[in-house]
Every structure is written in structure tokens, then in C-alpha cells.
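Notes follow once the structure below has been shown.
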2 protein chains.
Amino acid sequence: MKKPTIVDIAKRASVSVGTASNVMNRRPVVSKALVERVEAAAAELGYNRNTLAASLRSSRTGVIALVVPNIENAFFSEVLQEIENLALDSEKSVMFMTTGEDEARTRRHLQAIISRRVDGLIIVPAFDYQPALAELERYGIPIVVADRISQKNPFPSVSVDHKAAGEMAGRHLLEIGARDVVYFGHSRPDYWILKQRKDGFSAALANQPEQVSVRSFSLSLDVFVGKEQALTALKALDKPPQAIFAASNLASKSVLPALQAKGWSIPGDTRFLAMDDFEALTMMQPGISVISQPSAQIASQAWQKLMHLIDGEEAGENALLQPELIVRGSTPVIAASA
Amino acid sequence: MKKPTIVDIAKRASVSVGTASNVMNRRPVVSKALVERVEAAAAELGYNRNTLAASLRSSRTGVIALVVPNIENAFFSEVLQEIENLALDSEKSVMFMTTGEDEARTRRHLQAIISRRVDGLIIVPAFDYQPALAELERYGIPIVVADRISQKNPFPSVSVDHKAAGEMAGRHLLEIGARDVVYFGHSRPDYWILKQRKDGFSAALANQPEQVSVRSFSLSLDVFVGKEQALTALKALDKPPQAIFAASNLASKSVLPALQAKGWSIPGDTRFLAMDDFEALTMMQPGISVISQPSAQIASQAWQKLMHLIDGEEAGENALLQPELIVRGSTPVIAASA
DNA sequence: CTGTTAGCGCGTTCAA
DNA sequence: TTGAACGCGCTAACAG
């Protein structure tokens, strides 16, 4: 079956292709009568616009690329869902790609983004990404960086105040009365936000009237390895710390199983606070208290910024959203021991 | 900065555009010397192929659409990740869309799929989808249906043997000695696979030497509503059943919290078996036993079928993959009571 | 093996 | 408002 083109529609409606094109693009320059005639003709012929041809001509594809490290992390899948909703509202489509925290893979994706003439990119980068993204700029493809910004991030960005998140965590543990805490994080010097969290956490616990003991451990980004590392760390302790802070999604997934293996219960033996919410934290018994990142807000603000950039406007100030403390059953107040 | 076109490359390399095109498409008809010259020219000018133009001309976009009900469900996100991997290997891009189990939304997505001239579609449908998909066929867009097939599914499909899954569940509960079981499912007559699961479950428990009591409850697809319904159902029981089977991801998310609210422990008060694995089931204490669907296999077989269809070949027999029983701590054998 | 050229379907002119 | 002509960048087909 031959697909009808805009020329066929124009003929059928007895108008020029120019007029038909104006109707398709909802340009308010065509008389109402003609609009109806064209639309009727399109419906009769089962016309379906060839976006490809339109894009080639207008050099706007209506496609947005979303690049995230992976999709297993609930935070990223929430961002994806939200972006997909926003795209549908704007009649855009989203091209989805994962970096796998891998530079070569990302490079291939960025290449595709350029050659497909994607209108814009929202990326949660996984490493020192500036050189790779610079190439996109050469092609005039707007970029918004979400969540993981680096210290000297040159792109419009929407992120969470990770330092505040760390502080929030520290303060909460202080408030429940913990004076002996363990911090599980990761030591990737290229992830500035992890350093931010830790700095915030340390700052909150420093210079307290009562001395607070903080021990820190760095875990692998591989959950299985991380669990073993966490277990080793726990075994080296003579008794459970009063509280544990897992400074990332992955840290939680490593430390919680390690605690189970070690046989220390929450909140009986130790309090537990997590960074970055995900479903398992809500379903566990007791629920795990968490510092949560506002994924939907991040997505929608990133989207807005990108739309502005695509329209040739300014993206505006970089956004730094506030995290939220969600208290569940894992961090009750510690009774003062005699 | 003006983007170089293939004409510029051809000029720079002193070859014809046809030859340059052949090099870009890795067609093995160009002499090695020229290939090198063209590639050098492309590198020097920072050439980036305009896939849009190529697609318009060749009517192949190299874009695959993946349409799933949502992304929160771990099963779908695993499928997405796998598809994305496969796409990268084949230098294709994936357009991602969710139906939200909503027909109007899906229709809009399918419209976009057509007008963007996507090469093929892998869909996990959410309702009686045949009329909507028929339109795609008119446009010659190959379709592979994954996971949720309907009884009379006319499209090439890759699914799980949901009846076998139900049987597997029933048999496992039988084997651990349960004679008094509760089944939590959903009653959506348009979801054939849910009926299949239940039929399989019932079949496994019927005609046993010892009579097995099976009580069934239908839950809403909304988890919060479902939890309340499950709680009401549990409260109506005078004592915990020996075993519970939650026949879907959503059912688990409803029933597990309801059990906590009711105060019945697993596996102390009742055994628990789930259908469809997700992370929280592994992290809970004890881990929840589950009938798992092979998401990666589903994705890769769907991909293969789609590639065949795109190449104009037969998709081959519809695939019906076998589910897998993963025994964790929630279904220990029930000691015979005196 | 390489060169030439028409045209994929649409959007944008510009004169009428 | 209209209509015709051109070109976006590339590939297919064919000629050499």
C-alpha cells in the first residue's frame, strides 16, 4: 500500500501543498474552512505525516535523548518515567540510552545523538564528561545535566544539594542520639557529589558538644563486592555502631545484606539511614529511613530548561533542589544508657 | 559552524558522493585505498552523518520502539535494559514509550511510531490492542508482542508459559506441605495471562490425594487500594493460611504490606510465594520465594524475531519460555502437625 | 570498482 | 492566502 503524502492531501482538498503544510503544522494563517477541508482529506486518505522529511527540512526532529547510567536504579527510572510523560505532553519522543558508567559506550551514544539530529539532551553523566559533550555543542545540540554535576560544570544543570543531603543525614543521626556512627560510601574522586555528601555529613557531626565518633568505609560500585567489603568492615567492629549511614543507593544494597549476614538487626542493634530512596527500603520491616532526592522535580526542571534552550532562550540559573528526610522505622531515638 | 555533508567529504577525498556513501555504509565494494582516503577526509572535517537524510531516502531509520506499560515494574525495566544493550550492538536506537495501561495514550504513541517511520516495534500490550496495532501493519511496521499475549494473538510473540508458572507455584506449595492456601490475583478478563496463571495454579492443586483448600481474592491494580483489599481479606480469615501465593508483582506489593499490617510473619505464620521477581523480594528478611520470568531471554528473543521481520524473513514459531522457581526463605517445608 | 543524477517528503520561499 | 519551484543530505540505480 502506497502511503499518501502531503501532495496527495493537498490535491484531495483542492489546496496547495503550502496550505496543507500550514494546516499540518497548526499555523494559524489558514482559513477555518480550508483547515477543515484539509483535515477531512487527511482523514479520508489515512494520511500520516512523515516526520522524517519534515525534520530533514526544518532541522528539528522533536526527539529528546535521555542518557542515564542505568535503569535498575529506581531514581533513574523515575526520571525516565517523568521525562516520558513530559515528552508526550509536548508531542516529542524520547530516545533512551544508558551509559553503564562506561565512557566508550557513552561516546557511541553521543555519536548517535548527533547523527540523528536529536533536538536536545538530558544527561546524568557518569564520569568526566566535558570533552565528550563539547562535541555536541559544536553541533548546537542543547544539553542539560541532571543530578550528577561536577565541580566545574559548564552546562545548565539541575541537581540536588548533595552537601545539604549529607548534612541532613548527619543531623538526623545526631538528633536520634547517635554518638558512634559508621559511614558507608564510595571513593570515586571523579564523582564530586559523593564528596559533597560526605563533606556535608562530616560537617554536621563536627564540633559537637559531645564528641561523635565517625568511621568511614568505601565500597565498590559492584553490589556483590560491596556487600563483602561491608561485611568485612562490620566484622572488624567489636560491637554494632549506634547508627549507620549508607550514602548511596548502592551502598544500601551492599550494607543491608551485610548487616543481615552479620546478624545485626535494625533498629535493635543499630540504626540505619539510607541515601536515595527505592522500593525495597519501604517494603522492608521496619521501613528504612532515607534522604530522598526529588526525582520528578529534577526531571521536570531539566525538561523546562531544555525546552528553553531549544527555543533559543536562556536556561536560567542552575537549579539546586533540596533533598527530603523521610523517617521510617529504622531510626528511632536512642535511649540514653545509664 | 556549518556542518560538512557527504558532498564535502567526497570533494575532500576526490571521490564521488556515491563512493563516499558506500564507505559510510561499510559496503564492501570500495577499494581499500579509497576507503582510507574517505575516512581520513571525514575525520579531518569532523563529519557526522545525517541519519535523517539517509532514513528519508532509504526508508530505514534504525530506530526501534519499545512500548511497555510502565517502568516501575522491575520486569519491564529489565527488558528495557536488555533491549537497549542489543540496540547498541546493532547500531540502532531505541525510542521508549509507556502505555500507562491507557488506550488513548498508547494510540498517540503508535501514531508517533508511524510518523517517525520507526523500523519495528516491541510491545508489551496493556489491553485488547489488535485494532491499534493493525494500523501499524498497514504501514508495514513489523511488530513483536512480548510477555502479555492475548488468547488469539495474531502477531509474532515471545512470552512466558504463564499456565506453567501457575502450575509451578501450585506444585511448590504442595511440596512444602501446604493444604490450605490463599491466592491473590487480579480479575481483568482482558488479561489472558492472569487467567492462565490461575488456571495453572488451580490445576496443580486439584485432584490431590489430600484435599487442598484454595481461597482466591482479586485485588485492584492500584497497590494502595490493593493493600487495603488484601488486609480486609486477611482479617476475614480466622487464622493465617498455611501458604499464600501472590500471582503478580502488584499482588506482592499489596499483600506483603497487608501481612505486616495484620501482624502475620513469614514464614512463621504463613508461607509466601510470589510471581515475578523484583529487588525488594531479595532484600526482605527472609527472602521471598518466587516464580521468575526470564526477562533477558524474552527481550533477546523478541529482538531476534524483530530483526528477522525487518529483514523480510519469517519470525518463526512463537516462543513460550519457561518460568523458573527460585526458592528463598519464605517457603520452608511445613512440619506435619500431629 | 567508480561517477552521475534523480528524488525520498516536506517546508519555505516569492511572486501573484 | 495561493501555487510552483527549490533544496534539506543522502541513497539507489545505473552508466561507464
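Given the structure is predicted, the values throughout are model-derived calculations rather than measurements. Basis for what follows: all heavy atoms, side chains included, without hydrogens, waters or symmetry-related copies. Proteins get letters first, then strands, A, B, ... in listed order; numbering begins at 1 in each.
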Among side-chain atoms of B/Thr61 and B/Asp119, is any donor-acceptor pair under 3.5 angstrom? yes
In this structure, how many angstroms lie between the P atom of C/dG9 and the CG atom of A/Leu45, rounded? 15 Å
Test item: side-chain donor near acceptor, A/Arg105 and B/Asn85, under 3.5 Å: yes
Within the structure provided, determine whether A/Phe76 and A/Thr98 are in side-chain contact (heavy-atom separation under 4.5 Å). no
Counting any heavy atom closer than 4.0 Å, what does B/Leu34 reach on the DNA or RNA strands: base, sugar-phosphate only, or nothing? sugar-phosphate
Which heavy-atom pair separates A/Ile149 from A/Trp192 by the least distance, and what is that distance? O-CE3, 3.8 Å
Using only heavy-atom distances, determine whether the side chains of A/Gln111 and B/Asn48 contain a donor-acceptor pair under 3.5 Å. yes
Phosphate OP1/OP2 of D/dT11: any B/Ser21 side-chain N/O under 4.0 Å: yes
From the options D/dT11, C/dT2, C/dC10, select the nucleotide whose nearest atom is closest to the side chain of B/Ala54. D/dT11
Would you mind reading off the distance between A/Leu56 atom CG and D/dC10 atom P, rounded to a whole angstrom? 9 Å
OP1 or OP2 of D/dT2 sitting under 4.0 Å from any side-chain N/O of A/Thr19? yes
For B/Ser16 and A/Thr51, take the nucleotide of DNA chain C holding the closest heavy atom to each; which residue's nucleotide lies nearer the 5' end? B/Ser16
Interatomic distance, B/Ile9 CD1 vs D/dG9 P [rounded to whole Å]: 13 Å
C/dG11 OP1/OP2 closer than 4.0 Å to side-chain N/O of A/Arg60: no
Is B/Tyr47 close enough to D/dG9 that one of its side-chain N or O atoms is under 4.0 Å from OP1 or OP2 there? no
In whole angstroms, the gap separating P of D/dT1 from NZ of A/Lys32 amounts to 13 Å
Is any N or O donor-acceptor pair between the side chain of B/Arg57 and the base of C/dG7 shorter than 3.5 Å? yes
Interatomic distance, A/Arg116 CZ vs D/dC10 P [rounded to whole Å]: 14 Å
Would you please say whether a donor-acceptor pair under 3.5 Å links the side chains of B/Arg117 and B/Ser55? no
Of B/Ser58 and B/Val17, whose nearest nucleotide on DNA chain C comes first from the 5' end? B/Val17
Need one value for A/Ser31: base, sugar-phosphate or nothing, where a base atom within 4.0 Å counts as base even if backbone is also close, heavy atoms only. sugar-phosphate
Let me know the distance between CG of A/Asn50 and C1' of C/dC8, rounded to the nearest Å. 8 Å
So what does A/Asn22 hit on the nucleic acid, given a heavy-atom distance under 4.0 Å: a base, only sugar-phosphate, or nothing? nothing
When rounded to whole Å, the NZ to C1' distance for the pair B/Lys3 and D/dC8 reads 11 Å
Using a heavy-atom cut-off of 4.0 Å across all strands, would you classify B/Arg27 as base, sugar-phosphate, or nothing? sugar-phosphate
Categorize A/Ile6 for me: base, sugar-phosphate, or nothing, with a 4.0 angstrom heavy-atom threshold over every strand shown. sugar-phosphate
Measure the distance from CG on A/Asn25 to C1' on C/dC10 and round it to the nearest whole Å. 9 Å
